[in-house]
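Convention: sequence-line order gives letters A, B, ...; per-chain numbering from 1.
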Number of protein chains: 2
Amino acid sequence: MRIGELAARSGVSVRALRYYEEQGLLQADRSESGQRHYPEAAADRVQLIQTLYSAGLSSRTIAELLPCVDARVSTPESRARLAAERDRIDAQIAALARTRDNLDAVIASTRNPACGCARIGEQDVPAQASHSATP
Amino acid sequence: MRIGELAARSGVSVRALRYYEEQGLLQADRSESGQRHYPEAAADRVQLIQTLYSAGLSSRTIAELLPCVDARVSTPESRARLAAERDRIDAQIAALARTRDNLDAVIASTRNPACGCARIGEQDVPAQASHSATP
DNA sequence: CTTGCCCCTGACGTCAACGTCAGGTTTTAA
DNA sequence: TTAAAACCTGACGTTGACGTCAGGGGCAAG
């Protein structure tokens, strides 16, 4: 399939697909005249790329990890890299969950202003100068 | 306290604090000579702002929501806004969890390439799956 | 007084993931 | 055959949350 159809199928722009290729995330065969031609599986790959982007990975990181995902082989370094990204995502999930709970508390307190609910931002930070770290 | 100390305490840059003020997220008293002066509570507020940023909220959204957090009152619109952000964060958490599970599967499969683990990116796509014969 | 550190206000620079436009070629529909 | 649609390669524009630099002021210590 050509780039327009892939864009339509995967829900990203043509420009984005060309950008992915530029970043080494997506390969394409070229026709005689230079037009890109993709196999069916490209749609899944684009979905995967989008998923990883939305998880906060950069193009460079994705480019480093995709080959080992493709081949399903990993060096110790790539395994460490994968595990590190997994842990980063875990931490991000935890932080988001705390934020969501805080938002819920705010919603509850603003719904009924008379209550003595805990204030948002007052989690349990006994010491000072602590970054957003593991609870 | 002055801006340098607040920056050191909250772990963000002086530039960021001035930016927050510019965006209407953080108020400061001014000394005679124009220097910013913050109360102790400002550190907590900066933490909150950082938390909301890291949850993917924009300056504008934060600026719209902070007053109702402060006053703990909400109009129907702001409640809806808060709930919408909460739901967005929930969805983001779910997507991240799926990505993390995918990453775990990749890690497992690359750790032991001989196993027949599911491939990443194949979540629930019941459409046709024409695999080239990968043993 | 002057040295050094902190502070001020602009204002331009950065970076990533694209959007968009220009100018030209290829493919497809009429 | 021809016109529209799709594609190509540059290359510049956009956005958000700052970084960084320039140029100048304020204040306690030596």
Using a cutoff of under 3.5 Å, can you pull out all pairs of nitrogen or oxygen atoms linking the protein to nucleotides 6-8 of chain D, with atom names and distances?
residue, atom, partner, partner atom, Å
dC7(D), OP1, Gly4(A), N, 2.8
dC8(D), OP1, Arg36(A), N, 2.8
dC8(D), OP1, Arg36(A), NH1, 3.0
dC8(D), OP2, Arg18(A), NH1, 2.6
dC8(D), OP2, Arg36(A), NH1, 3.3
dC8(D), O5', Arg36(A), NH1, 3.4

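Contact annotation: Tyr20(B) reaches the phosphate of dC18(D) (side-chain N/O to OP1 or OP2, under 4.0 Å). The phosphate of dT26(C) (OP1 or OP2) has no side-chain N or O of Ser31(A) nearer than 4.0 angstrom. The phosphate of dA17(D) has OP1 or OP2 within less than 4.0 Å of a side-chain N or O from Tyr19(B).
Tyr53(A) has its OH atom 9 Å from the C1' atom of dC18(C), to the nearest Å. Across the protein-nucleic acid pair, Leu25(B) atom CG and dG16(D) atom P stand 13 Å apart, rounded to whole Å. For the pair Leu17(A) CG and dA17(C) P, the interatomic distance rounds to 15 Å; values are reported in whole Å. Following rounding to the nearest Å, Gln23(B) (CD) and dA17(D) (P) show an atom-to-atom distance of 7 Å. The nearest whole Å value for the distance from the CG atom in Leu52(B) to the C1' atom in dG16(D) is 16 Å. Per the geometry, CZ belonging to Arg15(A) stands 12 Å off C1' belonging to dA16(C), to the nearest Å. The separation between Glu22(B) atom CD and dG19(D) atom P is 13 Å, rounded to whole Å.
Note that OG1 of Thr51(A) is 10.0 Å distant from CG of Leu57(A), once rounded to the nearest 0.5 Å. Here the CD1 atom belonging to Ile3(B) is positioned 5.0 Å from the CG atom belonging to Leu17(B), to the nearest 0.5 angstrom.
For the pair Arg9(A) and Glu5(A), the salt-bridge criterion is met [side-chain N within less than 4.0 Å of a carboxylate O]. A salt bridge is absent between Glu85(B) and Arg79(B): the closest approach of a Lys/Arg side-chain nitrogen to an acidic carboxylate oxygen does not fall below 4.0 angstrom. Using a 4.0 Å cut-off between a side-chain N of Lys or Arg and a carboxylate O of Asp or Glu, Asp29(B) and Arg36(B) do not qualify as a salt bridge.
Under a 3.5 Å cut-off, the side chain of Gln35(A) and the backbone N or O of Arg30(A) do not form any donor-acceptor pair.
Thr61(B) and Arg81(B) share a side-chain donor-acceptor pair at under 3.5 Å. For the 3.5 Å distance criterion, the side chains of Arg2(B) and Ser31(B) fail to qualify, holding no donor opposite an acceptor. With no hydrogens or angles considered, a side-chain donor-acceptor pair links Gln50(A) and Tyr20(A) at under 3.5 Å.
Shown for residues 55-62 of chain B: no residue has heavy atoms falling under 4.0 angstrom of DNA chain C.
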